[in-house]
K.L.:
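One structure, pasted below without further comment.
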Amino acid sequence: MMVNDYEMTISAHRELAPGIWRLELQGDFDYAGALPGTFVEVEMPDEAYQLRRPFAISDCDSERQTLALIYRVVGAGTGLMSQLHEGATLKLLGSLGNGFPFADLVPGQRTLLVGGGTGIPPLLYLSKVLHERGIQADIAVGFLNQESMFATDELQQYGNLAITTNDGSVGIKGFVSAVLDNKWHDNPYDRIYACGPLGLLMSVQNRYPDADNVYLSLESRMACGVGACEGCVVPDKQGELSLRVCVEGPVFNSQEVQLSV
């Protein structure tokens, strides 16, 4: 497996919501392989942190040679990263993993995208690509509250957007599955995509138990990102721990994986 290591320059870095940052990197990169659902492994800006961190690609522009990542500050490593300014450099491996399948879809076909929290960034990129290809998208995204919302203006441009918040401050009150229960429960879809917390993925998998057109992007702490450490293995449908999120995934057909709490 050929994995490329790059050093890229920060061209923009801003906070979208409390603890949620958008990082734009510029420079040489495998832009042809940077498909929606793939990820990069970023070296933290302090050699005390030996393991790289995985981040889904939220956008890329091969003409401008820019790559965008949206991430949440969850610990000391990402806390340090959030303090970096334009002009600083970061090292990263990528692009890695298997992304969302969409190349076989044709203009006019209909898709459903379901996301929550830090599962939204790869769906943002996917919705942009689908829109550019003339493919319709219903997009359901969930947040804790109005303060935690991000990327909704962009998503609104790419499809029919529905928002849920746990406290009801914006959109439908409740989890994002409420959209499927109350708004789009009868809609037929040619392809369904989901990314987010385990509970969200399980709700989508359980809603479409026999469908072969549902794709789930799993979140996992991927220490190496290339399948060597097998620290991100998940069970297949037979219950065998045989699927590496970083190599066979992070996107799986829902019939491939067995999800459980």
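This chain uses plain numbering: 1 for the first residue, then up along the sequence. Below, each value reflects all heavy atoms present in this structure, side chains not excepted, and no hydrogens, waters or symmetry copies.
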K.L.:
A quick test of your reading: do over 12 heavy atoms of other residues, nucleotides or ligands sit less than 6.0 Å from CD of Glu132?
P.N.:
yes

K.L.:
Whether the side chain of Ser62 engages the backbone of Gln65 through a donor-acceptor N/O pair (distance < 3.5 Å, no angle test) should be reported.
P.N.:
no

K.L.:
State, yes or no, whether a side-chain contact exists between Tyr71 and Ser58 at a heavy-atom distance under 4.5 Å.
P.N.:
no

K.L.:
What closest approach, in Å, do Cys232 and Cys246 show between heavy atoms, and which atom pair accounts for it?
P.N.:
SG-N, 3.5 Å

K.L.:
Scan for side chain to side chain donor-acceptor pair (under 3.5 Å) pairs involving residues 166-183, sequence neighbours excluded, and state none if there are none.
P.N.:
Asp167-Ser169, Asp181-Arg207

K.L.:
Report yes if some heavy atom in the side chain of Arg53 is under 4.5 Å from a heavy atom in the side chain of Met44; otherwise report no.
P.N.:
yes

K.L.:
Any non-hydrogen side-chain atom of Leu216 less than 4.5 Å from a side-chain atom of Leu259?
P.N.:
yes

K.L.:
Could you report the tightest heavy-atom contact between Gly94 and Val40, atom names first, then the distance?
P.N.:
CA-CG1, 4.2 Å

K.L.:
On a heavy-atom basis, which atom in Gly116 and which in Leu200 lie closest, and how many Å separate them?
P.N.:
N-CD1, 3.7 Å

K.L.:
Less than 4.5 Å apart, side chain to side chain, heavy atoms only: is that true for Ser95 and Tyr6?
P.N.:
no

K.L.:
Return yes if some donor-acceptor pair links the side-chain N/O of Asn145 with the main-chain N/O of Ser148 below 3.5 Å, else return no.
P.N.:
yes

K.L.:
Let me confirm one number: the CG-CZ distance from Asp138 to Arg110, rounded to the nearest 0.5 Å.
P.N.:
5.0 Å

K.L.:
Side chains of Val170 and Thr152: closer than 4.5 Å at any heavy-atom pair?
P.N.:
no

K.L.:
Atom CG of Leu80 and atom CG of Asp46: how far apart are they, to the nearest 0.5 Å?
P.N.:
6.0 Å

K.L.:
So how far is it from Asn98 CG to Asn253 CG, rounded to the nearest 0.5 Å?
P.N.:
12.5 Å

K.L.:
Under a 3.5 Å cutoff, is there a donor and acceptor pairing between the side chains of Glu24 and Ser11?
P.N.:
yes

K.L.:
Output the distance between atom CD1 (Ile163) and atom CE (Met149), rounded to the nearest 0.5 Å.
P.N.:
4.0 Å

K.L.:
Can you tell me how far the CG atom of Leu25 sits from the CE atom of Met8, to the nearest 0.5 Å?
P.N.:
5.5 Å

K.L.:
Is any side-chain heavy atom of Glu43 less than 4.5 Å from a side-chain heavy atom of Leu90?
P.N.:
no

K.L.:
Please determine whether residues Phe39 and Val257 belong to a single hydrophobic cluster, defined as Ile, Leu, Val, Met, Phe, Trp and Tyr linked transitively by side-chain heavy-atom distances below 4.5 Å.
P.N.:
yes

K.L.:
Kindly state whether the ring of Phe100 and the ring of Tyr215 have centres lying under 6.0 angstrom apart.
P.N.:
no

K.L.:
As a test of understanding, state which of Thr111, Val251, Val114 forms a side chain to side chain contact (heavy atoms under 4.5 Å, CB included) with Tyr193.
P.N.:
Thr111

K.L.:
Return the minimal non-hydrogen interatomic distance between Ala17 and Glu147, and the atom names on each side.
P.N.:
CB-O, 3.7 Å

K.L.:
So which atom in Gln109 and which in Asp104 form the shortest heavy-atom distance, rounded to 0.1 Å?
P.N.:
OE1-O, 4.2 Å

K.L.:
Are any of the side-chain heavy atoms of Asn213 and Tyr208 separated by less than 4.5 Å?
P.N.:
no

K.L.:
Show the nearest heavy-atom pair for residues Gly99 and Thr38, with the distance to one decimal.
P.N.:
N-CG2, 3.9 Å

K.L.:
Can a side-chain donor-acceptor contact be found between Gln205 and Ser254 if the only test is distance below 3.5 angstrom?
P.N.:
no

K.L.:
Looking at CG of Asp61 and OH of Tyr31, how far apart are the two atoms once the value is rounded to the nearest 0.5 Å?
P.N.:
8.5 Å

K.L.:
Under 3.5 Å, is there a donor-acceptor pair between the side chain of Glu41 and the main chain of Leu92?
P.N.:
no

K.L.:
Is the backbone of Asp236 close enough, under 3.5 Å, to the side chain of Glu256 for a donor and an acceptor to pair up by distance?
P.N.:
no

K.L.:
Answer yes when Asp5 and Lys91 have at least one side-chain N-carboxylate O distance shorter than 4.0 Å, and no when they do not.
P.N.:
no

K.L.:
When Pro36 is tested against each of Leu130, Leu124, Leu123, Val129 for side chain to side chain contact (heavy atoms under 4.5 Å, CB included), which residue passes?
P.N.:
Val129

K.L.:
Tell me, do Asn187 and Leu112 make a side-chain contact under 4.5 Å, heavy atoms counted?
P.N.:
no

